[in-house]
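Model, not experiment: these values are computed from the prediction.
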Amino acid sequence: MATSNYQTILFVDSEDYPYIDDLQYEQSIAGNVAQLTYVKGVSKVTDQQLENSNVVVIYYGNVLTQEHINKLKHCKGIVAATTGFDHIDVNTASLKSIPVCNIPDYGDEDIADHTMMLLLALVRKLPSVLKDVQKGHYNWHAALGSMRLRDRNLGIIGLGKIGEAVAKRALSFGVRHEAII
């Protein structure tokens, strides 16, 4: 049973692509003031787990519906461990005075880095060069026709947080400034 001194945190992980290996890290952060519960998939969450939870942390691939939220008797907050929260019935949570938060900038920098890595791999013909290296030799002909990024145009569709982060990185490679604004 949830009490005011002891917090119960329910982690609802993705059933198909789990993010949490175990709760050791999370427990080390929470210390001895919280009881952590792990469930792989919202379909496996019990009514009792919902009723006793002070906080629900929900990962990608789960939908927290009105039915789930109405069972939250002691909940003080719902955390979407994602960039958005369209998988949570925010209206029902609001009616129950349960704040919902997300992680809006989660992965932006990593995705921009990854985009540049893939771009460089393609323009420098890494896939074909790598095949030869894996066979034990280097054939410089496999890299013929590879390009430099300097003075090239790069089209970016959408200059949100990720697009802007890619554009900034591209500038450092000498990509034409006019082409990425």
Next item on the list: Tell me, with the steps shown, if Gln49 and Val39 meet side-chain contact (heavy atoms from CB on, under 4.5 Å).
Entry: CA-CA 10 Å; Gln49 288 169 328; Val39 179; 3.6 Å; yes

request  = Assess whether side-chain contact (heavy atoms from CB on, under 4.5 Å) is satisfied between Leu72 and Ile98, documenting all intermediate values.
outcome  = CA-CA 9 Å; Leu72 297 171; Ile98 301 172; 4.1 Å; yes

- Do Val133 and Val129 pass the side-chain contact (heavy atoms from CB on, under 4.5 Å) test, and can you show the C-alpha distance, the side-chain angles, and the key distance before you say yes or no? CA-CA 6 Å; Val133 171; Val129 170; 4.3 Å; yes

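By the 4.5 Å heavy-atom criterion applied to side chains, Phe11 and Thr37 are not counted as neighbours. Side-chain contact between Leu149 and Leu120 is present, with at least one heavy-atom pair separated by less than 4.5 Å. The shortest distance between side-chain heavy atoms of Met147 and Arg124 does not fall below 4.5 Å. A 4.5 Å side-chain heavy-atom check between Ile69 and Lys96 finds at least one atom pair inside the cut-off. Taking 4.5 Å as the limit, every side-chain heavy atom of Gln35 sits out of range of all side-chain heavy atoms of Ile9. Val12 places none of its side-chain heavy atoms less than 4.5 Å from the side chain of Tyr59. Between Phe173 and Met116, some side-chain heavy-atom pair lies under the 4.5 Å cut-off. Within the 4.5 Å cutoff, side-chain heavy atoms of Leu10 are placed close to those of Leu50.
In this structure, Leu154 is a member of the same hydrophobic cluster as Leu159, with clusters built from ILVMFWY side-chain heavy atoms closer than 4.5 Å. Val55 and Val100 fall into different hydrophobic clusters, where Ile, Leu, Val, Met, Phe, Trp and Tyr side chains are chained together by heavy-atom contacts under 4.5 Å. Hydrophobic clustering (side-chain heavy atoms under 4.5 Å, transitive across Ile, Leu, Val, Met, Phe, Trp, Tyr) keeps Tyr138 apart from Leu126. Cluster annotation: Leu36 and Val42 are assigned to distinct hydrophobic clusters (Ile/Leu/Val/Met/Phe/Trp/Tyr, side-chain heavy-atom contacts under 4.5 Å, transitive).
Taking all atoms of both residues into account, the shortest heavy-atom contact from Pro127 to Ala121 is CD-O, 3.5 Å. Taking all atoms of both residues into account, the shortest heavy-atom contact from Ile103 to Ala81 is CD1-CA, 3.8 Å.
Between the Gln24 side chain and the Ser28 main chain, no donor and acceptor come within less than 3.5 Å of each other. With hydrogens and angles disregarded, a donor-acceptor distance shorter than 3.5 Å links the side chain of Ser14 to the backbone of Tyr60. Side-chain N or O atoms of Asn70 include one that pairs as donor or acceptor with a backbone N or O of Gln66 at under 3.5 Å. No side-chain donor-acceptor contact under 3.5 Å links Ser53 to the backbone of Val56. Between the side chain of Asn54 and the backbone N or O of Cys75 there is no donor-acceptor pair closer than 3.5 Å. Counting only distance, with no hydrogens or angles, the side chain of Gln27 and the backbone of Ala34 share a donor-acceptor pair below 3.5 Å.
Taken to the nearest 0.5 Å, the CD1 atom of Ile78 stands 11.0 Å off from the NE2 atom of His68. We find the CZ-CZ distance between Arg150 and Arg152 to be 12.5 Å, quoted to the nearest 0.5 Å. Taking NZ of Lys44 as the reference point, atom CG of Asn62 lies at 10.0 Å (rounded to 0.5 Å). Rounded to the nearest 0.5 Å, atoms CG (Leu23) and OH (Tyr38) are 7.5 Å apart. Atom CG of residue Asp113 and atom CZ of residue Arg169 lie 4.5 Å apart, to the nearest 0.5 angstrom. Going from atom CG of Asn153 over to atom CZ of Arg176 covers 5.0 Å, rounded to the nearest 0.5 Å.
Enclosure of atom CG in Asn32 is not indicated, since only 12 or fewer non-hydrogen atoms of other residues, nucleotides or ligands lie within 6.0 angstrom. Other residues, nucleotides and ligands place no more than 12 heavy atoms under 6.0 Å from the OH atom of Tyr106.
Checking Thr115, Leu171, Leu119 one by one against Val166, the side-chain contact (heavy atoms from CB on, under 4.5 Å) holds for a single residue, Thr115.
Taking a cutoff of 4.0 Å between a charged side-chain nitrogen and a carboxylate oxygen, Asp13 and Lys40 do not qualify as a salt bridge. We find that Glu109 and Lys161 are not joined by a salt bridge, their nearest charged nitrogen and carboxylate oxygen being 4.0 Å or further apart.
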